[in-house]
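The structure appears below as structure tokens.
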Amino acid sequence: MAKMAVVAHGGAGPGPERQANLQVAVDVASKLLLSGASAVEAAVEACVILEDDPVFNAGTGGVFRIDGSVLLDASIQTSDGRLGFVIAMEETPNPIRVAADLLDQNINGLTGNGARSWADERGHLRRQVEGRPPIEEDGDTVGVIVRDSAGFMACATSTGGCSHRPPGRVGDVPLPGSGFWVNERMAVAATGEGEEITRALLSYRVGEMAESDSCPTLKHAMNWGLENLIPTKASVGLIAIGTEGPGEGQANTDMPWASWIED
Ligand code: ASP
């Protein structure tokens, strides 16, 4: 039996005032875990809470692209080798549910109108997402990592994309290895300037570092990634969980993050 654990972030930029909002999602995930839910179920439901909270740049609070559209990305990966991601979905307040529905399909990812049609066929909520104007400060996108009692891990991330980006722009959130990476031993999620995160293949490389003999802790691996793989001008944050111990967060900004571990 593993100690169950949850860690969530609220984006690289917005600072401690989002802590309470994040705590709501962490509490939902921990309660679900305590009542027997799997890592996937808990991660998805916590992510939905954050997508439904308009202060975050994900789902309901997704920021406008430069043409005024609201296009949403989400991803989920599990430590038993499953993957689902969606890119640039319109009229989808909870893209993480569509991504999660891909976990057991023979395709990993869907984009744009194809993603929306597939979601329609499977009965996923279709509703106009009002969105909000781009933000000047660094991002407030969301991510959740959960470890359940069987030791399985799941990482769910969701975003409206960085501000001031065109429609069709693909950030790190739906790209495996960039915005997230999970294997049997650890799970990592990134947030912040997606272009820099993607160029660095940040989540994969931080995970690889965490597994190297020379790396004492997850925290060390995250700091190594932030210091060595990301230019100092870019705002980036990371959360991670291993097979034991609590989830951790590190950032080169004031990233809000919250965690829970079973007593
Ligand atoms: N990484 C996200 C993106 O580039 C945005 C964010 O984390 O704030 O789309």
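Note that ligands are numbered from 1 as they come in the structure, with each ligand's atoms numbered from 1 the same way.
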With a 4.0 Å cut-off on N to O distance, would you call E91 and R126 a salt bridge? yes
Could a heavy atom of N57 be found less than 4.0 Å from some atom of ligand 1? no
Taking NZ, NE, NH1 and NH2 as the nitrogens, is one of them in E195 or R169 under 4.0 Å from a carboxylate oxygen of the other? yes
Can you tell which part of T191 has a heavy atom less than 4.0 Å from ligand 1: side chain, backbone, both or neither? both
Does R169 reach ligand 1 with a nitrogen or oxygen that is under 3.5 Å from one of the ligand's nitrogen or oxygen atoms? yes
What I'd like to find out is whether the side chain of I66 reaches to under 4.5 Å of the side chain of P167, using heavy atoms alone. yes
Hey, is C162 one of the residues with a heavy atom under 4.0 angstrom from ligand 1? yes
Just going by heavy-atom distances, which of D172, I197, T198 is nearest to atom 2 (C) of ligand 1? D172
For the pair T60 (side chain) and E51 (backbone), establish whether a donor and an acceptor sit closer than 3.5 Å, ignoring hydrogens and angles. yes
I'd like to check W181 versus V206 (side-chain heavy atoms, cut-off strictly below 4.5 Å). Are they in contact? no
N or O pair under 3.5 Å between G194 and ligand 1: yes
Looking at R97 and D101, does any basic side-chain N land under 4.0 Å from a carboxylate oxygen? no
Show which atoms of ligand 1 fall inside a sub-4.0 Å distance from at least one heavy-atom site of G161. 9 (O)
